[in-house]
Protein chains: 2
Amino acid sequence: MSNLLRLENQVCFPLYAFSREVTQLYKPLLDELGLTYPQYLVMLILWEEKEQTVNQIGEKLYLDSGTLTPLLKRMEQKGIINRKRSTADERVVVVSTTDLGAGMMDRATCIPDQLIAALGLSIEELTQLKTIINKALVR
Amino acid sequence: MSNLLRLENQVCFPLYAFSREVTQLYKPLLDELGLTYPQYLVMLILWEEKEQTVNQIGEKLYLDSGTLTPLLKRMEQKGIINRKRSTADERVVVVSTTDLGAGMMDRATCIPDQLIAALGLSIEELTQLKTIINKALVR
DNA sequence: CGCGATTATATTGTGCGCAATGTATATTTG
DNA sequence: CAAATATACATTGCGCACAATATAATCGCG
């Protein structure tokens, strides 16, 4: 068979497997905050900028409303974010952290370091990884 | 706020976004075969070795029966694989390609090259990416 | 102003991914 | 050999992802 079709020769399979692996590495850390990984990404955005529309969140995370609407509703249920229609434009839903959600930031500050340690890659490797991936993402 | 919590400073977010992006790049190519990306990975395994147990597939793809059982049933429905209990050990389900599934390999040979082109990364970058990720995966 | 086009979000349906649990079959051990 | 244990797969339930479509609000253009 074609060598290129061998699983061991795939470039994208390690990427796919590693991405899931990383989510698993986050899990024990995020469990303490009661967040999933996509929910954590939303919180990162809201900790930076208190008010964001669904659209803005979607553009930053490359996710559409089919994913975000139910995800944000679950976060609202947990009491960590608010969702309210903009009065200026009734189509827009503005998302913001509640006090509870804002207060979680302190407990999250240790997560990046813990995760980097769990990955077991050097800073150079991490930088290379990020550089290569960002190059492909930007296109 | 902590610099490490900024979305733009995350290492894992680009990985997560890129992994999904790559699946989207595969989509038009795999649509012609009627496969999803995880199903394509299963076919790669079966094209290499005609008979594989659910367990062997799971170990190679890092997926459990909760994912594989329904996925393999869908592939069986499409008529591209067979699932049958081993007579030697009734617990084991042996998966193999049908003639239809085996015949799809020819049409798949062009996919790796097309995908690499779509990624827009140099061979060196692809090699680096694979090396770094594999190092983290092996641990 | 009115109406077609655009925009923002929601809904529906399908397919993963994974934790937790169930069930049947094998294997090990006393 | 029987009971305990381990193994292989299936099932259930939940949370993403994403395509396709729906709905409502706004915008732009004549």
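In the text below, chain A, chain B and the rest are named by the order of the sequence lines, each starting its count at 1. Only this structure's heavy atoms are used, side chains among them; waters, hydrogens and symmetry mates stay out.
Residue contacts shown for Thr67(A) include a base, since a base heavy atom lies under 4.0 Å away.
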Grab the N/O contacts between the protein and nucleotides 25-27 of chain C below 3.5 Å, and write none if there aren't any.
from: dA26(C); atom 1: OP1; to: Glu90(B); atom 2: N; distance (Å): 2.7
from: dA26(C); atom 1: O4'; to: Arg91(B); atom 2: NE; distance (Å): 3.4
from: dA26(C); atom 1: O4'; to: Arg91(B); atom 2: NH1; distance (Å): 3.3
from: dA26(C); atom 1: O4'; to: Arg91(B); atom 2: NH2; distance (Å): 3.3

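Using cut-offs of 30° and 60° on the angle between ring planes, the pair Tyr26(B) and Tyr40(B) is tilted.
When the shell of 6.0 Å around NZ of Lys84(B) is examined, it contains 12 or fewer heavy atoms from other residues, nucleotides or ligands.
When the side-chain nitrogen and oxygen atoms of Gln24(B) are compared with OP1 and OP2 of dA17(D), none of them lie within a distance under 4.0 Å. Checking the phosphate oxygens (OP1, OP2) of dA8(C), no side-chain nitrogen or oxygen of Arg83(A) falls inside 4.0 Å. Considering only side-chain N and O atoms, Thr36(B) lies under 4.0 angstrom from the phosphate OP1 or OP2 of dC16(C). The shortest distance between the side-chain N/O atoms of Arg74(A) and the OP1/OP2 oxygens of dC14(D) is not below 4.0 Å. Taking only side-chain nitrogens and oxygens, Arg20(B) comes nearer than 4.0 Å to OP1 or OP2 of dC18(D).
For DNA chain C, the neighbouring residues in residues 55-65 of chain A, judged by any heavy atom under 4.0 Å, are Asn55(A), Ser65(A).
For the helix from dC1(C)-dG30(D) to dG30(C)-dC1(D), the end axes, each set by the C1' atoms of five terminal pairs, are bent relative to each other by 10° (nearest 10°).
When each of dG15(C), dT11(D), dT11(C) is scored by its nearest atom to the side-chain atoms of Gln39(B), the top-ranked nucleotide is dG15(C).
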